[in-house]
2 protein chains.
Amino acid sequence: MLTERQKSILRMIVDDYVRSAEPVGSRTLSKHVELGYSAATIRNEMADLEALGYLEQPHTSAGRIPSQAGYRYYVDHLVSQDVALRAKDIEEIKQLFATRVSAFEQAAQQVAHVLSSLTQYTGVVLGAKVYDTTLKSLQLVPLSGQSAVVLVINSAGQVQNKTVTIPDGVPMHDVMQLTEMINRALCGTPMYRIRSRVYEELMREVARHMEDYEEASRLLDQILQVTEEPQEPNVFLGQATNMLLQPEFQNIHKAKSVLSWLEKRDEVLVSLATNALHGDLRVRIGAENEVESLQDCTLITTSLHIGQIPIGVVGVVGPTRMEYGRVIALLRTLSSGLSDVYGRIYSGHSSG
Amino acid sequence: MLTERQKSILRMIVDDYVRSAEPVGSRTLSKHVELGYSAATIRNEMADLEALGYLEQPHTSAGRIPSQAGYRYYVDHLVSQDVALRAKDIEEIKQLFATRVSAFEQAAQQVAHVLSSLTQYTGVVLGAKVYDTTLKSLQLVPLSGQSAVVLVINSAGQVQNKTVTIPDGVPMHDVMQLTEMINRALCGTPMYRIRSRVYEELMREVARHMEDYEEASRLLDQILQVTEEPQEPNVFLGQATNMLLQPEFQNIHKAKSVLSWLEKRDEVLVSLATNALHGDLRVRIGAENEVESLQDCTLITTSLHIGQIPIGVVGVVGPTRMEYGRVIALLRTLSSGLSDVYGRIYSGHSSG
DNA sequence: GTTAGCACTCTCACTCATTGAGTGCTAACA
DNA sequence: TGTTAGCACTCAATGAGTGAGAGTGCTAAC
């Protein structure tokens with residue numbers, strides 16, 4: 001348990017270091033008006049904080065910098081719970097949500113972008129699969145030759161499509177009958193249950209009506225694949241290269257490591273997706289990220305939701321030396337704004 | 001006009017410099033067996049080549065490096081027209097096209113990826129709008145409440161969709177009638193002509209049949225917007241951060257400049273799209289790129305086509321010190337491979 | 001418990017000499 | 001006349017040495 005004085009010294013060191021990226025010395029701190037102690041006193045406290053593992057010294061004659069444990073303590077106990085956002089931040093966020101967007105993708109991309117430009121870190125948005133959607137409609141539009149487009153629309157209005165080949169032995173009216181049967185029997189079925197319900201309920205009928213059962217079921221399989229195709233990952237990145245402006249990424253190898261990781265959308269996806277398991281807002285500092293490339297980074301994520309249902313994640317990736325308070329405030333604001341947009345677009349425009 | 005000896009010296013300097021990224025000295029060159037001259041002779045020729053603007057000296061006591069004009073001369077006159085690809089390259093390309101893909105997007109992404117990993121530059125693929133597509137089918141699927149999904153399928157099997165709001169004054173049977181009218185009248189119409197043909201031919205009929213003309217035309221407008229929405233840019237990037245391994249991008253500012261540019265997909269799109277105007281294969285060296293961020297880069301592009309119709313672009317972005325011969329060979333191979341895939345997927349599977 | 005003072009440590013920036021790669025020029029050679 | 005050997009010269013890179021400055025830890029005094 002830290003004393004109040006230790007806490008305020010730790011807080012000041014973190015704040016100062018986050019701003020300047022330079023180790024903070026005792027003299028610098030003693031100049032702060034709020035702290036009415038001499039450099040020597042502060043030095044003693046700093047030595048204690050270092051012994052406790054909250055501070056580190058790059059070398060003997062340098063000031064102190066926060067350790068990862070120090071950041072962790074700061075985030076858990078010291079960060080002011082509601083940082084007032086800067087006027088500029090508020091202005092940009094207002095403008096962002098003022099522009100009418102017609103698709104969640106647009107809004108998500110813009111949010112990622114704004115996060116990056118306001119913070120100089122990288123904003124990320126994961127528009128996860130909308131949970132619990134059901135089949136709204138399945139359509140098949142013939143193209144020239146043997147090919148056709150299969151369209152699957154779910155109850156959230158999302159569309160999946162794929163070009164399929166109609167096997168030789170299946171006449172057009174069988175194709176049409178097949179899609180009709182599916183629509184009639186399976187409308188309203190949860191997407192993940194479609195295949196099993198087809199096997200349970202539809203196969204016998206297919207066998208009875210189709211001219212060439214084997215070919216027809218081959219077509220049916222292609223159609224079912226469309227319903228099972230995972231929604232595209234929907235990972236949106238802000239301007240990742242902004243981070244190259246941060247002093248910690250002047251080292252090209254560190255920079256490459258993080259930027260390469262961000263390039264692999266599916267890995268980013270996994271890291272973001274685990275947010276859902278950890279409640280509202282999650283801060284992962286340095287080694288708390290399992291990912292090798294993020295050992296010197298902090299990843300802060302918060303979830304998007306409509307009512308109680310989680311539907312996505314908004315986050316920020318940056319160096320461990322991060323403006324925690326401000327980023328958290330930004331994330332809270334933006335995630336609730338984006339949740340609203342999502343709700344408006346996918347819930348029948350009920351609120352506007 | 002250069003003498004044969006000057007040409008071979010220039011070629012050797014380019015080849016050597018591309019490999020080593022170090023200025024090439026006269027002694028190094030004189031060691032080459034093919035060139036039976038002493039260092040002094042080569043020095044004289046190098047001085048001449050520098051006077052002609054094909055070589056540069058970083059400083060007095062360094063070797064020579066090719067100038068942008070030097071690279072230009074190399075590309076125009078010296079690059080061997082058909083470099084034999086390495087066994088490893090061929091292997092990877094074969095594997096790439098052996099894996100069956102069901103969508104052009106997948107194949108394009110993979111090609112960009114392979115280009116990046118084989119070259120350590122950045123591969124880019126632009127899947128441009130399929131030209132001259134016509135309307136195949138327009139459908140409207142009602143969701144809950146007032147919203148519905150509009151689906152537009154074109155003759156190439158591409159699908160565009162968007163959620164629209166059905167205005168209060170339009171009853172469902174009017175909605176259905178509207179889509180029916182469009183399908184009946186406009187099937188086969190080139191996409192870019194749909195709006196004008198609606199105005200020319202359909203408006204009167206709409207006015208006659210709809211209960212609330214004003215609201216109906218508002219809905220119609222939303223629907224037409226879907227047909228006009230530009231196909232999403234379809235710019236695919238390989239691993240851009242690979243380039244951070246190149247010596248010229250150890251300078252973080254140069255690196256940021258190029259990577260930031262690559263992040264702006266719409267700018268990349270423009271640069272690639274202009275390839276179509278310049279024939280088969282285009283090499284833009286350094287200042288030949290209008291783009292500020294690419295002043296030290298080379299952009300090589302080649303077009304994808306089905307028969308004579310251009311349908312996209314494949315390219316590579318890298319430093320001016322580029323393996324021109326190999327990259328050109330790779331691009332030719334990959335673009336023709338990708339054209340085939342495109343053809344297979346969007347032309348009714350005629351070839352398999 | 002707090003502070004002033006002092007010796008000590010370490011990085012950073014600067015200078016300077018050395019090294020080595022490479023050039024240009026000149027004179028000799030075929 | 002074209003080619004080559006030799007030599008003086010230039011310049012970047014390297015590494016050692018130095019002083020300044022920032023910061024610490026410790027001790028003794030308040």
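This one's a predicted model, so the numbers in the text were calculated from it and none came from an experiment. Naming convention: chains lettered A, B, ... in sequence-line order (proteins, then strands); numbering from 1 in each chain.
For the pair A/Thr41 and C/dG1, the criterion of a side-chain N or O lying under 4.0 Å from OP1 or OP2 is not met. Close to D/dT3, at under 4.0 Å from its OP1 or OP2, lies a side-chain N or O of B/Arg5. One finds a side-chain N or O of B/Arg64 lying less than 4.0 angstrom from the OP1 or OP2 phosphate oxygen of C/dG24.
Looking at DNA chain D, the stems built from 3 or more consecutive Watson-Crick or G-U wobble pairs, each pair with its key distances under 3.5 Å, are C:1-30 with D:1-30.
The stretch residues 49-59 of chain A touches DNA chain D through A/Gln57, each having a heavy atom under 4.0 angstrom from the strand.
In this structure the side chain of A/Val14 never reaches within 4.5 angstrom of the side chain of A/Arg11, judged on heavy atoms. The shortest distance between side-chain heavy atoms of A/Asp48 and A/Gln6 falls below 4.5 Å. Here the side chains of A/Thr301 and A/Leu281 are not in contact, with every heavy-atom distance at 4.5 Å or above.
Counting any heavy atom pair closer than 4.0 Å across all strands shown, A/Ala40 reaches a base atom. Contact annotation for A/Thr60: backbone-only contact, meaning every heavy-atom pair under 4.0 Å involves sugar-phosphate atoms and none involves a base.
Between the side chain of B/Arg43 and the base of C/dG24 there is at least one donor-acceptor pair of N/O atoms closer than 3.5 Å.
Heavy-atom neighbours of B/Arg27 CZ from other residues, nucleotides or ligands within 6.0 Å: at or below the threshold of 12. Within 6.0 Å of NE2 on A/His59 lie more than 12 heavy atoms contributed by other residues, nucleotides or ligands.
Rounded to whole Å, atom C1' of D/dC7 lies 15 Å from atom CZ of B/Arg27.
Place A/Asn44 and B/Ser61 on DNA chain D by their nearest nucleotides, and B/Ser61 ends up nearer the 5' end.
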